[in-house]
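Quick caveat, the model's predicted, so the values are computed rather than measured.
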Amino acid sequence: MAANTAPVGEGDLVDPVTNPWGTTRNTGADLHTTRPERTYPEPEPLDEHGPARIVALCNQKGGVGKTTTTINLGAAIAECGRRVLLVDFDPQGALSVGLGRLDPRELDLTVYNLLMQRDVTVEDVLLKTDIEGLDLIPSNIDLSAAEVQLVGEVAREQMLGRALRPVIDDYDVVLIDCQPSLGLLTVNALTAADGVIVPLECEFFALRGVALLMDTIQKVQERLNEDLVIDGFLGTMYDPRTLHAREVLSTIIDGFGDKVYGTVINRTVRFPDATVAGEPITRFDSSSAGANAYRDLAKEVLARWPLSGHGA
């Protein structure tokens, strides 16, 4: 996908001609004044669980809120009565640390063993968390070796999807926290996924790599997973007091229109505090603005998903 890398405010980040979702023009910069606010209903209770919708949270730039969103969106969806599985697919293991105060170095079995050892099953690796309805497949630095070892495997791009297949019917949602790169591990996640959520920090340099990410997603759609769709773009670390953040958010909306979630995650110190405590914000500070933002996002995400199964 072509991209215009002119400074924010001087042009669109994404060429509207090649943007498959069209554009939603607005004349202002603040999301809350340029698009009508929508309210989403509380999700209906489920009579039965599964099959899960698998969603990869993907952006090759680090520090844009992928792990924070995976933890807190997962916890918020679990609050809605859904069974959620989080997959830490980053060798840094930040999701494993931020959700359960685990020391990744002390884990005997991780997603690496699940991928590379035929005698290891997903049940062997899966960990229960303190959050009802929320489970975890952890990761550590061992996963970095998989990028090299998978090169020689047959159907190497499909390893994660095959590994998760036995538990898909046990969950309503599977969220995969991808590493900040577009290598073979991320391609595995995209091949396994039904949809992609792209967290975007509301800062100009966070936008520059979007065209490359879109190109990777398009190649996966064409060659490996024709059913893959982009569920949405999520504005994170938003500070409505700064003109720059408002301009960046406006540019994202110009480029991707209704694919941009109406919910925006504001910058707050409560997120790193919750990470240190090893808890999602919805539990660490349940009444905070950050917790309510992720609850709103959970309702919006579930409402946007197809109604036929997949956790909707």
Is there side-chain contact between V198 and C58, with at least one heavy-atom pair below 4.5 Å?
no
Derivation and outcome, side-chain contact (heavy atoms from CB on, under 4.5 Å), residues L143 and L115
CA-CA 9 Å; L143 185 60; L115 291 178; 4.0 Å; yes
Mark yes or no for whether H244, through its side chain, and C202, through its backbone, hold a donor-acceptor pair below 3.5 Å.
no
Spacing of CZ belonging to R295 relative to CD1 belonging to I281, to within rounding of 0.5 Å:
9.5 Å
Strictly by modelled atom types, are R270 and T275 linked by a side-chain donor-acceptor pair under 3.5 Å?
no
Hydrophobic cluster membership, M237 vs L200, 4.5 Å side-chain cutoff:
no
Between L190 and V196, is any pair of side-chain heavy atoms under 4.5 Å apart?
yes
Is a salt bridge present between D135 and K128, judged by a nitrogen-to-oxygen distance below 4.0 Å?
yes
One should read off an interatomic distance between Y171 OH and L85 CG, to the nearest 0.5 angstrom, of 5.0 Å
Minimum-distance pair of heavy atoms, taken over all atoms of D169 and P51:
OD1-CB, 3.5 Å
V120 and V125, any side-chain heavy atoms less than 4.5 Å apart:
yes
Is it true that D231 and R53 have a side-chain N and a carboxylate O under 4.0 angstrom from each other?
yes
Any donor-acceptor pair under 3.5 Å linking the side-chain atoms of Y112 with those of Q149?
yes
For Y40 and R304 the tightest heavy-atom approach is OH-NE, 4.2 Å
Closest non-hydrogen contact found for V122 with P166 is CG1-CB, 4.4 Å
With a 4.0 Å cut-off, would you call R267 and E201 a salt bridge?
yes
Quick one: does Q221's side chain have a donor or acceptor within less than 3.5 Å of a partner on L228's backbone?
yes
Over 60° means perpendicular and under 30° means parallel, so tell me whether F256 and F233 are parallel, tilted or perpendicular.
parallel
For E222, does the CD atom have more than 12 heavy-atom neighbours from other residues, nucleotides or ligands under 6.0 Å away?
yes
Using a 3.5 Å distance criterion without hydrogens, assess whether the side chain of D172 forms a donor-acceptor pair with backbone atoms of R83.
yes
When rounded to the nearest 0.5 angstrom, what distance separates CG in N72 from CZ in R283?
13.0 Å
What verdict does the side-chain contact (heavy atoms from CB on, under 4.5 Å) test give for L86 and I137, after you've listed the backbone C-alpha separation in whole Å, the side-chain angles of each residue and the deciding distance to 0.1 Å?
CA-CA 6 Å; L86 305 185; I137 294 179; over 6 Å; no
Report the distance from atom CG of L297 to atom CG of L73, rounding to the nearest 0.5 Å.
5.0 Å
Hey, are the side chains of N140 and S96 touching, using non-hydrogen atoms and a 4.5 Å cut-off?
no
Path from I217 to V229 over hydrophobic side-chain contacts below 4.5 Å
no
Residue that, paired with Q179, satisfies side-chain hydrogen bond (donor to acceptor under 3.5 Å, both in side chains) out of K66, Q92, E147:
E147
Check this for me: E123, atom CD, are more than 12 non-hydrogen atoms of other residues, nucleotides or ligands nearer than 6.0 Å?
yes
Contact check, side chains of P91 and D142, non-hydrogen atoms, under 4.5 Å:
no
Starting at CG of L107, measure out to CG of L127 and round the result to the nearest 0.5 Å.
7.0 Å
Verify, without hydrogens or angle tests, whether Q60 (side chain) and P180 (backbone) share a donor-acceptor contact under 3.5 angstrom.
no
May I ask you to test the L150-N188 pair for a side-chain heavy-atom distance under 4.5 Å?
yes
Could you check whether any side-chain N or O of N292 sits under 3.5 Å from a backbone N or O of A289, counting only pairs where one atom can act as donor and the other as acceptor?
no
Spatial distance of atom CG (L46) from atom CZ (R82) [nearest 0.5 Å]
3.5 Å
Backbone N or O of V64 within a donor-acceptor pair of the T236 side chain at under 3.5 Å?
yes
Decide if atom CG of D119 counts as having more than 12 heavy atoms of other residues, nucleotides or ligands within a radius under 6.0 Å.
yes
What closest approach, in Å, do L134 and L99 show between heavy atoms, and which atom pair accounts for it?
CD2-CD1, 4.0 Å
Would you say the ring centroid of Y294 lies under 6.0 angstrom from that of F271?
yes
Working for side-chain contact (heavy atoms from CB on, under 4.5 Å), residues D90 and C178
CA-CA 6 Å; D90 184 347; C178 297; over 6 Å; no
Are any side-chain N or O atoms of S139 and backbone N or O atoms of G93, one a donor and one an acceptor, separated by less than 3.5 Å?
no
Are I141 and L114 linked, directly or through other ILVMFWY residues, by side chains that come within less than 4.5 angstrom of each other?
no
Audit row: E157, L184, side-chain contact (heavy atoms from CB on, under 4.5 Å) steps and yes/no:
CA-CA 7 Å; E157 300 91 352; L184 186 53; 4.1 Å; yes
Verify, without hydrogens or angle tests, whether T251 (side chain) and E247 (backbone) share a donor-acceptor contact under 3.5 angstrom.
yes
Hey, does the side chain of E300 reach the backbone of G262 with a donor-acceptor pair shorter than 3.5 angstrom?
yes
Closest non-hydrogen atom pair between N266 and P240, with its separation:
ND2-CD, 4.1 Å
Are any of the side-chain heavy atoms of F89 and I176 separated by less than 4.5 Å?
yes
Short side-chain donor-acceptor distance under 3.5 Å, T263 and D296:
no
Regarding N225 and T191, do their side chains bring together a donor and an acceptor under 3.5 Å, going by distance alone?
no
Please confirm whether the backbone N or O of I54 pairs with a side-chain atom of D194, one donor and one acceptor, at under 3.5 Å?
yes
Can you tell if the side chain of Y238 reaches within under 4.5 Å of the side chain of V248, non-hydrogen atoms only?
no
Which atom pair, heavy atoms only, marks the closest approach of V174 to A52?
CG2-CB, 3.8 Å
